[in-house]
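Worksheet: one structure, shown below.
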Amino acid sequence: MKYIYFLLFFVTISFSKPLVVYTGVYSVSGDKALGNVSSFVPMFYNIFAKWQNRGSLPFDLMLETDAEETKHLAADPISMAILLTRNDFEVEHFKKIGVTKTIANLGFSVLFYQTRKSENGTVNTVLASVPLNSYVTNEMQLTNDVSILQAERPTMMMMLAKELIQKRFKQRVSKISIEEMKVNVSCNENACYAENYKKLGLEDGQSISVPFTDGFDDVFLNAKDGSLMGDDLVLNSLKKQGRVEGVSSNLRGYSEDTWQVVSVDITSKKASKLFANEPIKEQFAQWYSDFLSGAGKAVLPPISGSRWTQNSMGYTEMILAKADGEYETFSMAPARYKVSLGISGVGSGVIERNNVEELWAYKLWLTRKWNNRKEQEEEYTTSKKVVVATQEVHEVDVYRDLLQVSSKKFAEKGE
């Protein structure tokens with residue numbers, strides 16, 4: 001039945017567009033705060049299947065059910081995965097005004113990657129990523145009912161996830177183009193080589209789809225000399241043919257230069273105390289990356305707050321867990337622009353007062369620098385009216401909201 005379904009689905013793939021294989025939903029291995037990603041799987045699958053059938057994506061999307069079969073029928077160098085990066089849910093009670101406030105912060109990175117051969121085995125190399133993030137608050141009548149609050153979290157998260165994919169995914173992804181290019185492969189009795197691989201911009205380990213039997217199979221570039229690695233059956237077939245035309249892909253995004261948040265520091269003692277129990281560093285990196293992408297930059301997932309490790313080649317690596325429990329290694333080449341963010345100060349005070357209410361001002365100072373640039377510092381302000389007799393203020397709540405809004409302004413400010 002699966003094979004019949006595949007044949008029916010395959011006829012909808014025209015190959016007039018570049019082909020991308022959707023491989024599913026992932027989370028960071030060992031990060032229990034992210035929870036179970038399996039709840040997102042059927043919803044994303046159904047949305048993507050509907051878009052593919054309508055031809056409304058800038059590429060042909062092969063769903064994960066058919067990935068293995070497709071590799072034997074068409075050039076298949078690019079894959080796409082959805083990585084859950086943040087899944088924060090907080091509850092705050094304001095007893096004087098009888099309100100319970102919930103805060104939901106959800107983040108994904110759409111990863112476009114190639115599966116490449118390396119000295120350490122098979123590695124998924126991230127070519128580009130598109131952050132998708134949402135931060136919303138909701139107020140309800142004051143309650144300590146655990147069952148109500150437990151029901152609120154999955155409801156809000158599924159709503160946010162659906163909105164992010166349906167409303168922002170296509171908008172962001174439409175700015176990414178996948179360009180297929182022809183690669184001439186020539187062989188002698190000892191080895192096969194990719195011609196003009198440097199001029200074509202091929203990278204070490206990049207896959208090249210070559211004709212094999214009734215379809216295609218992949219070989220992989222050794223950038224030291226342009227030689228090709230892969231299955232012996234495929235290489236021997238190429239040697240018999242002498243010279244063939246293969247296909248590879250280059251992925252073009254918002255800009256040719258990549259940006260990445262590599263660290264977040266809190267240098268203010270007051271801010272450190274204020275955010276002591278908050279994942280604010282990770283959230284700041286997430287929000288800034290999202291807004292930087294929206295401003296037209298090619299942004300890699302932030303290293304700060306994540307479990308990326310650096311290997312001997314300067315690449316960052318992480319083990320990601322798929323919804324079905326499988327583990328895979330993903331790596332990223334170093335970004336050209338490495339951004340360091342900071343929270344350098346917070347401050348508040350009354351600016352107006354009468355017998356009934358007070359007007360408070362809250363200030364937040366943020367810093368950033370990248371590469372050898374001089375550190376920049378910006379000040380952001382918000383205000384809040386407080387009815388003295390009945391209203392209470394949680395400062396951490398005010399500053400979290402201010403940081404989220406300020407991250408957008410900070411990212412869009414440019415160089």
Side-chain angles (χ1 to χ4, degrees), residues 57-58 80 82-86 105-113 126-136 160-161 163-178 250-265 280-306 308 316 332-344 364-382 399-415:
L57 291 171
M80 183 187 83
I82 308 295
L83 171 64
L84 178 64
T85 54
R86 298 302 310 166
N105 179 58
L106 184 67
F108 297 99
S109 279
V110 184
L111 304 180
F112 291 91
Y113 67 95
V126 177
L127 304 178
S129 71
V130 178
L132 300 171
N133 298 285
S134 186
Y135 174 84
V136 297
L160 292 181
E163 183 178 275
L164 283 174
I165 296 297
Q166 288 189 329
K167 294 185 177 180
R168 295 182 60 190
F169 175 88
K170 283 199 290 187
Q171 178 187 7
R172 290 279 179 92
V173 169
S174 66
K175 298 181 181 180
I176 288 181
S177 63
I178 301 170
N250 275 342
L251 195 148
R252 298 285 183 259
Y254 296 66
S255 69
E256 295 303 310
D257 299 325
T258 53
W259 295 70
Q260 185 177 48
V261 176
V262 297
S263 66
V264 179
D265 293 316
I280 206 68
K281 291 183 180 181
E282 294 85 350
Q283 291 174 343
F284 188 13
Q286 168 207 354
W287 295 333
Y288 184 87
S289 298
D290 180 37
F291 294 129
L292 193 64
S293 175
K297 303 294 187 184
V299 182
L300 294 173
I303 294 177
S304 174
S306 298
W308 295 96
T316 48
M332 296 185 294
R336 180 168 183 179
Y337 298 104
K338 301 175 178 64
V339 183
S340 296
L341 299 174
I343 301 175
S344 57
L364 177 68
W365 286 267
L366 304 178
T367 64
R368 70 176 172 190
K369 62 180 179 180
W370 59 84
N371 298 4
N372 296 320
R373 294 293 185 94
K374 183 179 179 181
E375 184 176 84
Q376 300 173 327
E377 184 176 60
E378 298 290 336
E379 174 187 311
Y380 297 95
T381 306
T382 191
Y399 281 114
R400 188 196 306 111
D401 290 348
L402 177 57
L403 177 60
Q404 199 273 337
V405 173
S406 302
S407 296
K408 184 176 190 294
K409 297 176 181 178
F410 204 29
E412 293 176 349
K413 188 175 179 61
E415 303 179 18

- Item | Partners meeting salt bridge (Lys or Arg N to Asp or Glu O under 4.0 Å) with Arg400 (sequence neighbours left out) | Glu90, Glu92, Glu278, Asp397

- Shortest non-hydrogen contact from Leu300 to Ala335? CD1-CB, 4.1 Å

- Whether Trp259 and Trp370 hold their rings parallel, tilted or perpendicular, with breakpoints at 30° and 60°: perpendicular

- Side-chain donor-acceptor contact under 3.5 Å, Tyr337 with Arg373: no

- Go through the steps to decide whether Phe410 and Val405 satisfy the test side-chain contact (heavy atoms from CB on, under 4.5 Å), and finish with yes or no. CA-CA 9 Å; Phe410 204 29; Val405 173; over 6 Å; no

- Could you please spell out the steps behind the side chain to side chain donor-acceptor pair (under 3.5 Å) verdict for Glu379 and Trp365? CA-CA 5 Å; Glu379 174 187 311; Trp365 286 267; 3.2 Å; yes

- Task: Of all the heavy-atom pairs spanning Val264 and Ala285, show the shortest one and how long it is.
- Result: CG2-CB, 4.0 Å

- Item | Gap separating the CD atom of Glu282 from the CG atom of Asn105, nearest 0.5 angstrom | 10.5 Å

- Item | Other residues, nucleotides, ligands: >12 heavy atoms within 6.0 Å of Lys167 NZ | no

- Quick one: CG on Leu364 to CG on Leu366, what's the gap to the nearest 0.5 Å? 4.5 Å

- Any idea which heavy atoms bring Ser293 and Arg172 closest together, and the distance? OG-NH1, 3.6 Å

- Task: Tell me, with the steps shown, if Val261 and Leu341 meet side-chain contact (heavy atoms from CB on, under 4.5 Å).
- Result: CA-CA 7 Å; Val261 176; Leu341 299 174; 4.0 Å; yes

- Query: NZ of Lys369: more than 12 outside heavy atoms within 6.0 angstrom?
  - Reply: no

- Message: Between Ile165 and Leu132, does the side-chain contact (heavy atoms from CB on, under 4.5 Å) criterion hold? Intermediate values first, please.
- Response: CA-CA 8 Å; Ile165 296 297; Leu132 300 171; 4.1 Å; yes

- Rounding to 0.5 Å, atoms CD (Gln404) and OH (Tyr288) come to a distance of 15.0 Å

- Task: Rounded to the nearest 0.5 Å, what's the gap from CG on Asn371 to OG on Ser340? Could you check?
- Result: 9.0 Å

- Where is the tightest heavy-atom contact between Tyr380 and Ser406, given as atom of each residue plus distance? CB-OG, 3.2 Å

- Using side chain to side chain contact (heavy atoms under 4.5 Å, CB included) as the criterion, point out the one residue from Asp290, Leu164, Val130 that pairs with Phe108. Leu164

- Polar contact flag, side-chain donor to acceptor under 3.5 angstrom, Ser109-Thr85: no

- Item | Contact summary for Gln260 and Pro301, nearest pair of heavy atoms | NE2-O, 2.8 Å

- Task: Flag the pair Lys413 and Glu378 as a salt bridge only when some basic side-chain nitrogen lies within less than 4.0 angstrom of an acidic carboxylate oxygen.
- Result: yes

- Item | Identified side chain to side chain contact (heavy atoms under 4.5 Å, CB included) counterpart of Met332 within the set Leu127, Leu111, Thr316 | Thr316

- Item | Nearest-0.5 Å distance, CD of residue Gln286 to CD1 of residue Ile280 | 10.0 Å

- Message: Testing the basics here: between Leu160 and Ser134, what is the closest heavy-atom pair and its distance to 0.1 Å?
- Response: CD2-OG, 3.4 Å

- Could you tell me the separation between the OG atom of Ser407 and the CZ atom of Arg368, rounded to the nearest 0.5 Å? 11.0 Å

